[in-house]
Amino acid sequence: MRIATWNVNSIRQREQHVARWLDRAEPDVLLLQEIKCESHAFPALAYHGLGYQAEAVGQKAYNGVAVLSRRPFVCRGRSLPGLPESDAQARYIEIETEGIILLGIYLPNGNSGGAEGYAYKLAWMDALASHAEALMAEDKPLAILGDFNVCPTDEDLAPGTLPKTDALVRPESRARFRRLIWAGLTDAVHAMHPHGPVWTFWDYQGGAWQRDLGLRIDHALLSPELAERLVAADPDRDARGEPQPSDHVPVVVDLA
DNA sequence: ATGCCGGGTCCTACCCGA
């Protein structure tokens, strides 16, 4: 079984990139982030011919997540439990397929909006960890994939790319990422590439791609049963070299 | 420490991303 995650930075700009990638990589499930459109505007029909059904959780202009799956699935949730009712940001989708619960997340960046913006990121991570712990207690196979907007350690960013104060590397962000690991989840890419470096994002600016100055912020976390089945976990760097690419590449996880 | 790039939108200057 092949599961993947990809922050596409606008599905309208990347509709054909995704179609080509599905055709090439043949994932069973692809979780998308930053579709940047409302749910009804997601181009589901463009992927039906390739055998994929879509479910989108969108909003105008910002954020937005979606699922493309060629296996039957049910949508279990369209917002992260534990956040205030007033929170309307489209950052979460939860499905079940083949007995596996899959969470697709677009975690807040945390650098905009000052102290309030960073507090929102941490609250979001607290709610995610609480929900993950509850799901783990049910003993069902669980995977959390998406753009976490966290470099878990200093090995997960090219030297000099971010200041120490950046929300992606601050201790509070990293502590909350570790809470997910302590809950029993395995960081799939790290498990397969413990000595790195491995990047999933390169900034559009400053020739970051050409200089290979990237970050590892897109992750796949697996519950123990799925971690036992892990055979490969890799970013698809080829996607970053295409014309008009997203600044993120797909992260692909293969399970036996 | 940043917004040079690249997306978005009350269409055009400004917000947001990492």
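Here is the naming used below: chain letters follow the sequence lines, and residue numbers restart at 1 for every chain. Note: hydrogens, waters and symmetry copies are ignored here, and every other heavy atom, side chains too, is used.
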Colleague: What does G207(A) touch in the nucleic acid at a heavy-atom separation under 4.0 angstrom: a base, only the sugar-phosphate, or nothing?
Modeller: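 No contact.
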Colleague: Determine the Euclidean distance between corresponding P atoms of dC14(B) and dA18(B); express it in Å to zero decimal places.
Modeller: 23 Å
Colleague: At under 4.0 Å between heavy atoms, what does N63(A) touch on the DNA or RNA strands: base, sugar-phosphate, or nothing?
Modeller: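 The residue N63(A) makes no contact with any strand.
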Colleague: Have a look at T161(A) and say if it touches a base, only the backbone sugar-phosphate, or nothing, with a 4.0 Å heavy-atom cut-off.
Modeller: base
Colleague: Salt bridge check, E26(A) against R2(A): does any charged N sit closer than 4.0 Å to a carboxylate O?
Modeller: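 No, this pair does not count.
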Colleague: For a quick check of understanding: with a heavy-atom distance under 4.0 Å over all strands, which category does N111(A) fall into, base, sugar-phosphate or nothing?
Modeller: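 Contact class for N111(A): base.
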Colleague: Give one of base, sugar-phosphate or nothing for F148(A), where a contact means two heavy atoms less than 4.0 Å apart.
Modeller: nothing
Colleague: Provide the distance between the two P atoms, one in dG6(B) and one in dC10(B), to the nearest whole Å.
Modeller: 23 Å
Colleague: If you walk 5' to 3' along DNA chain B, what is the first nucleotide with an atom under 4.0 Å of a heavy atom in chain A, and what is the last?
Modeller: dA1(B) to dA18(B)
Colleague: Have a look at I3(A) and tell me which of L102(A), V252(A), D254(A), T97(A) forms a side chain to side chain contact (heavy atoms under 4.5 Å, CB included) with it.
Modeller: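 Of all the options given, the one that passes is L102(A).
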Colleague: I want to check something: taking the side chain as every heavy atom from C-beta on, are F73(A) and E55(A) in contact at a cut-off of under 4.5 Å?
Modeller: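 The answer is yes, as the side chains (C-beta and beyond) meet within the 4.5 Å cut-off.
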Colleague: Would you indicate what D218(A) reaches in the nucleic acid, counting non-hydrogen atoms under 4.0 angstrom: base, sugar-phosphate, or nothing?
Modeller: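 No contact at all - D218(A) keeps every heavy atom at 4.0 Å or more from the nucleic acid.
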Colleague: Taking the nucleotide of DNA chain B with the closest heavy atom to each, which residue, F201(A) or P163(A), is nearer the 5' end?
Modeller: P163(A)
Colleague: Using a 4.0 Å heavy-atom cut-off, does R14(A) contact any base of the nucleic acid, only the sugar-phosphate backbone, or nothing at all?
Modeller: sugar-phosphate
Colleague: Which residues pass the side-chain hydrogen bond (donor to acceptor under 3.5 Å, both in side chains) test with R12(A), sequence neighbours left out?
Modeller: none
Colleague: Distance check, C1' atoms only: dT12(B) and dG7(B), in whole angstrom units.
Modeller: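 That atom pair is separated by 15 Å.
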Colleague: I need the L31(A) CG to D147(A) CG distance, nearest 0.5 Å.
Modeller: 12.5 Å
Colleague: Under 4.0 Å, counting only non-hydrogen atoms across every strand here, what does Q13(A) touch: a base, just sugar-phosphate, or nothing?
Modeller: sugar-phosphate
Colleague: Indicate yes or no: does E138(A) engage K140(A) in a salt bridge with an N to O separation below 4.0 Å.
Modeller: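 Not counted as a salt bridge, because no side-chain N and carboxylate O are separated by less than 4.0 Å.
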Colleague: Suppose the criterion is ring-ring contact (aromatic ring centres under 6.0 Å, His included): which pairs have a residue in residues 1-51 of chain A, not counting sequence neighbours?
Modeller: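 Output for this query lists W6(A)-W21(A).
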Colleague: For Q244(A), answer base if it contacts any base atom (sugar-phosphate contacts may also be present), sugar-phosphate if it contacts only those atoms, and nothing otherwise; contact means non-hydrogen atoms under 4.0 Å.
Modeller: nothing
Colleague: Distance between the P atoms of dT2(B) and dA13(B), in whole angstroms?
Modeller: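 Their P atoms lie roughly 25 Å apart.
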Colleague: Taking the P atom of each, how far is dA1(B) from dC5(B), in whole Å?
Modeller: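 Result for the P pair: 22 Å, nearest Å.
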